[in-house]
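Here the structure comes first, spelled out in structure tokens, and everything after it is commentary.
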Amino acid sequence: ELLQALRNYGVDLIQMANSSIVNGGYSGLVTTLSNIRGEGIEPIGVFSSTEEFRKAKGYTICEVGDIKIALVAFTKGMGGRGLPEGSEDCVNLLYTDYATTYREIDKEGITSVLQAAANEDPDITIALLHWGSEYHEDISETQEDIRDLMLAEGVDAIIGTHSHLVQKI
């Protein structure tokens, strides 16, 4: 009912790359994506398989009127858990050490997705990031580095979530 209500109110896309996406394991992730798509809503940043990731190249394109928008979504991690074996490409990740310390930025993975999106020649690129430390309003050095990388790779706007507090702009 919630998904149907969202769709009825005009929600077309949902940022799904977040720290809880694998709480139900790989089968929960696949079921969630199927249910979302079944309501005509496109999940962003999460894929049901490596094949689906490769086909989507990690981004979503939508058009609003004459404006072509590239949307990318990433998460800092999965709440201390790793991705199930064989599903490593199912979630766009900001860090290679996403299950531990969040210190090693996945520059190659981020850049690959952003360059693929840029090849679509969008009018605007928006990054939806599940990042930052819970209940802290401080912006980390790695968040600043990720911001700089994204801006250098053509991102026009970053919308961040996760900290459970409003952080600085």
Side-chain angles (χ1 to χ4, degrees), residues 1-84 87-95 98 106 109-110 113-114 116-118 120-137 143 146-147 150 154-169:
E1 291 181 20
L2 174 62
L3 289 173
Q4 189 176 37
L6 289 172
R7 185 66 184 133
N8 289 342
Y9 281 103
V11 173
D12 299 314
L13 310 158
I14 297 179
Q15 199 289 39
M16 294 300 299
N18 64 67
S19 58
S20 298
I21 191 61
V22 295
N23 283 359
Y26 175 71
S27 64
L29 179 146
V30 172
T31 300
T32 299
L33 294 179
S34 177
N35 289 336
I36 290 169
R37 288 186 175 127
E39 289 297 331
I41 300 172
E42 183 61 28
I44 301 174
V46 178
F47 310 91
S48 62
S49 66
T50 296
E51 181 180 322
E52 183 177 282
F53 169 80
R54 287 184 183 146
K55 183 179 177 184
K57 300 177 188 163
Y59 64 89
T60 299
I61 296 289
C62 68
E63 295 190 24
V64 179
D66 293 335
I67 300 171
K68 187 177 191 179
I69 303 168
L71 294 145
V72 298
F74 293 84
T75 184
K76 69 180 276 180
M78 257 55 68
R81 292 179 306 275
L83 285 167
S87 62
E88 292 83 3
D89 291 325
C90 289
V91 180
N92 286 346
L93 296 163
L94 293 171
Y95 299 93
Y98 68 89
D106 186 358
I110 294 167
V113 169
L114 294 177
E120 297 280 346
D121 197 27
D123 296 303
I124 187 169
T125 300
I126 300 171
L128 307 164
L129 306 182
H130 189 78
W131 64 349
S133 297
E134 287 184 277
Y135 305 108
H136 289 29
E137 54 186 55
Q143 280 178 284
I146 290 166
R147 175 206 59 208
M150 293 213 165
V155 170
D156 297 294
I158 298 171
I159 300 172
T161 64
H162 179 258
S163 65
H164 300 216
L165 294 171
V166 176
Q167 289 184 314
K168 300 172 191 171
I169 294 178

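Predicted model, so just to flag it, every value in this text is computed and none were measured.
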Is it true that, when you exclude Lys68 itself, more than 12 heavy atoms of the residues, nucleotides or ligands shown sit nearer than 6.0 Å to its NZ? yes

If you count every heavy atom of other residues, nucleotides or ligands that lies below 6.0 Å from Arg37 atom CZ, does the total exceed 12? yes

With a 4.5 Å heavy-atom cut-off, do [X] and [Y] have their side chains touching?
X: Val113; Y: Phe74; result: yes
X: Thr50; Y: Glu88; result: no
X: Ile158; Y: Gln143; result: no
X: Gln15; Y: Ile159; result: no

Minimal non-hydrogen separation, [X] against [Y], with atom names:
X: Pro43; Y: Thr60; result: O-OG1, 4.3 Å
X: Gly45; Y: Ala17; result: O-CB, 3.8 Å
X: Ala116; Y: Lys57; result: CB-CB, 3.9 Å
X: Val72; Y: Ala117; result: CG1-CB, 4.5 Å
X: Arg7; Y: Gly40; result: NE-O, 3.6 Å
X: Cys90; Y: Tyr26; result: SG-CE1, 3.8 Å

For the [atom1] atom of [X] and the [atom2] atom of [Y], what is their distance to the nearest 0.5 Å?
X: Leu3; Y: Asn8; atom1: CG; atom2: CG; result: 11.0 Å
X: Glu42; Y: Ile61; atom1: CD; atom2: CD1; result: 11.5 Å
X: Met78; Y: His130; atom1: CE; atom2: NE2; result: 9.5 Å
X: Arg81; Y: Tyr98; atom1: CZ; atom2: OH; result: 10.5 Å
X: Thr75; Y: Tyr95; atom1: OG1; atom2: OH; result: 10.0 Å
X: Leu129; Y: Met150; atom1: CG; atom2: CE; result: 4.5 Å

Working for side-chain contact (heavy atoms from CB on, under 4.5 Å), residues Phe47 and Asn92: CA-CA 9 Å; Phe47 310 91; Asn92 286 346; 3.6 Å; yes

As a quick check of understanding, evaluate side-chain contact (heavy atoms from CB on, under 4.5 Å) for Leu6 and Glu39, giving each step before the final call. CA-CA 9 Å; Leu6 289 172; Glu39 289 297 331; over 6 Å; no

Please lay out, stage by stage, how Ile41 and Asp12 fare under the test side-chain contact (heavy atoms from CB on, under 4.5 Å). CA-CA 5 Å; Ile41 300 172; Asp12 299 314; 6.0 Å; no

Side-chain ([X]) to main-chain ([Y]) donor-acceptor, under 3.5 angstrom:
X: Asp156; Y: Thr125; answer: yes
X: Ser49; Y: Glu52; answer: yes
X: Ser87; Y: Leu83; answer: no

Out of the candidates Thr32, Ile44, Leu29, only one should pair with Met16 under the side-chain contact (heavy atoms from CB on, under 4.5 Å) rule; please name it.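 Output: one option passes, namely Thr32.
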
Hey, mind stepping through Thr161 and Leu128 against side-chain contact (heavy atoms from CB on, under 4.5 Å) and telling me if it holds? CA-CA 8 Å; Thr161 64; Leu128 307 164; over 6 Å; no

